[in-house]
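Report on one structure; see the data block that follows.
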Amino acid sequence: MVIRETPTVEYKAAISPSFLKTVSAFANYGTGRIVFGVDDDGVRIGVEDPVAACLRIENMINDSLDPLPRYELEPSTYDGTVTLTVYEGQDKPYRSRGKAYQRNDSATIEVDRLEYGRLVLEG
């Protein structure tokens, strides 16, 4: 059985900077989870050291997002995954490297100029 990504759940097999766009999207539009150590088909493959991975993820978020969103990291030594829960924030727009993002079904895309303006007004 394949477990598919959704508008509020994203899978990442490894930790790479691309997840920061999804953090921006969840903080801007609605709480969501990113599960590291799971491939796109929903198969758990784990990460090498879940506790160290949490520190790496935390540092990447702190270094790359402005303003900082509220989030929670949960390492699982049972299956080697790390779950990052990002909460929708009030200080919109949340930007990753100067750009704001939104979810479009299971994809993360950059917001257009009009939507960016709406986020500024909402924040």
| field | Pairing residues for Phe19 by the ring pair (Phe, Tyr, Trp, His ring centres under 6.0 Å) criterion, not counting sequence neighbours | value | Phe36

| request: Would you check if Val82 and Ser76 make a side-chain contact, meaning some heavy-atom pair closer than 4.5 Å? | output: no

| field | Interatomic spacing from OG in Ser24 to CZ in Arg95 - rounded to 0.5 Å | value | 9.0 Å

| Closest non-hydrogen atom pair between Ala27 and Val86, with its separation | N-CG1, 3.8 Å

| said: Pro93 and side-chain contact (heavy atoms from CB on, under 4.5 Å): which single residue from Val111, Asn28, Asp66, Leu121 fits? | reply: Asn28

| query | Between Tyr29 and Leu119, does a side chain to side chain contact (heavy atoms under 4.5 Å, CB included) hold up when you go through it step by step? | reply | CA-CA 9 Å; Tyr29 291 98; Leu119 279 173; 3.4 Å; yes

| Side-chain contact, heavy-atom cut-off 4.5 Å: Thr6 with Arg103? | no

| said: Going by salt bridge (charged side-chain N to carboxylate O under 4.0 Å, His left out), name the pairs with one or both residues in residues 45-57, residues two or more places apart or in two chains. | reply: none

| task | Mind checking salt bridge (Lys or Arg N to Asp or Glu O under 4.0 Å) for Arg33 and listing every partner two or more places apart, or none if nothing turns up? | result | none

| message | Suppose the criterion is salt bridge (charged side-chain N to carboxylate O under 4.0 Å, His left out): which pairs have a residue in residues 68-84, not counting sequence neighbours? | response | Arg44-Asp79

| said: List the residues meeting side chain to side chain donor-acceptor pair (under 3.5 Å) with Tyr71, not counting sequence neighbours, and say none if there are none. | reply: Asn62

| Does a side-chain heavy-atom distance below 4.5 Å link Thr81 with Pro50? | no

| query | Using a distance-only test with no angle check, is there a side-chain donor-acceptor pair under 3.5 angstrom linking Thr22 and Thr108? | reply | yes

| said: Is there a side chain to side chain contact (heavy atoms under 4.5 Å, CB included) between Ile45 and Val38? Walk through the geometry before answering. | reply: CA-CA 6 Å; Ile45 55 176; Val38 178; 6.0 Å; no

| query | Is atom CZ of Arg118 surrounded by more than 12 heavy atoms (other residues, nucleotides or ligands) closer than 6.0 Å? | reply | yes

| said: Using the rule that Ile, Leu, Val, Met, Phe, Trp and Tyr join whenever any side-chain heavy atoms are under 4.5 Å apart, tell me whether Ile34 and Met60 fall into a single cluster. | reply: yes

| field | Short side-chain donor-acceptor distance under 3.5 Å, Gln102 and Tyr116 | value | no

| Min side-chain heavy-atom separation Pro67-Tyr94 under 4.5 Å | yes

| Got Thr31 and Thr8 here, is their nearest side-chain heavy-atom distance under 4.5 Å? | no

| request: Could you pull out all residues at least two apart from Ser16 that satisfy side chain to side chain donor-acceptor pair (under 3.5 Å)? | output: Ser18

| query | When hydrophobic residues are tied together by side-chain contacts of less than 4.5 Å, even through go-betweens, does Leu84 share a cluster with Tyr11? | reply | no

| request: Tell me who clusters with Val51, hydrophobic residues only, linked when side chains sit under 4.5 Å apart either directly or through other members. | output: none

| note | For Thr83, the side chain to side chain donor-acceptor pair (under 3.5 Å) test, sequence neighbours excluded, returns none

| query | Mind checking what makes salt bridge (Lys or Arg N to Asp or Glu O under 4.0 Å) contact with Glu58, not counting sequence neighbours? | reply | none

| Under 3.5 Å: donor-acceptor pair, side chain of Asp39, backbone of Gly42 | yes

| remark: So the salt bridge (charged side-chain N to carboxylate O under 4.0 Å, His left out) pairs with at least one residue in residues 13-23 (sequence neighbours excluded) are none

| Counterpart residues, side chain to side chain donor-acceptor pair (under 3.5 Å), relative to Asp105 (two or more places apart) | Arg4

| message | With rounding to the nearest 0.5 angstrom, report the CD to CD distance, Glu115 to Glu122. | response | 8.5 Å

| note | Sequence neighbours excluded, the answer for salt bridge (Lys or Arg N to Asp or Glu O under 4.0 Å) partners of Asp63 is none

| query | Taking a hydrophobic cluster as the set of Ile, Leu, Val, Met, Phe, Trp and Tyr residues connected by side-chain heavy atoms closer than 4.5 Å, whether directly or through intermediates, do Tyr87 and Val9 fall within one such cluster? | reply | no

| According to a 4.5 Å side-chain heavy-atom criterion applied to Ile, Leu, Val, Met, Phe, Trp and Tyr, with indirect links allowed, do Val47 and Leu55 form part of one hydrophobic cluster? | no

| For the atom pair CG (Leu20) and CD1 (Ile57), what is the distance rounded to the nearest 0.5 Å? | 10.0 Å

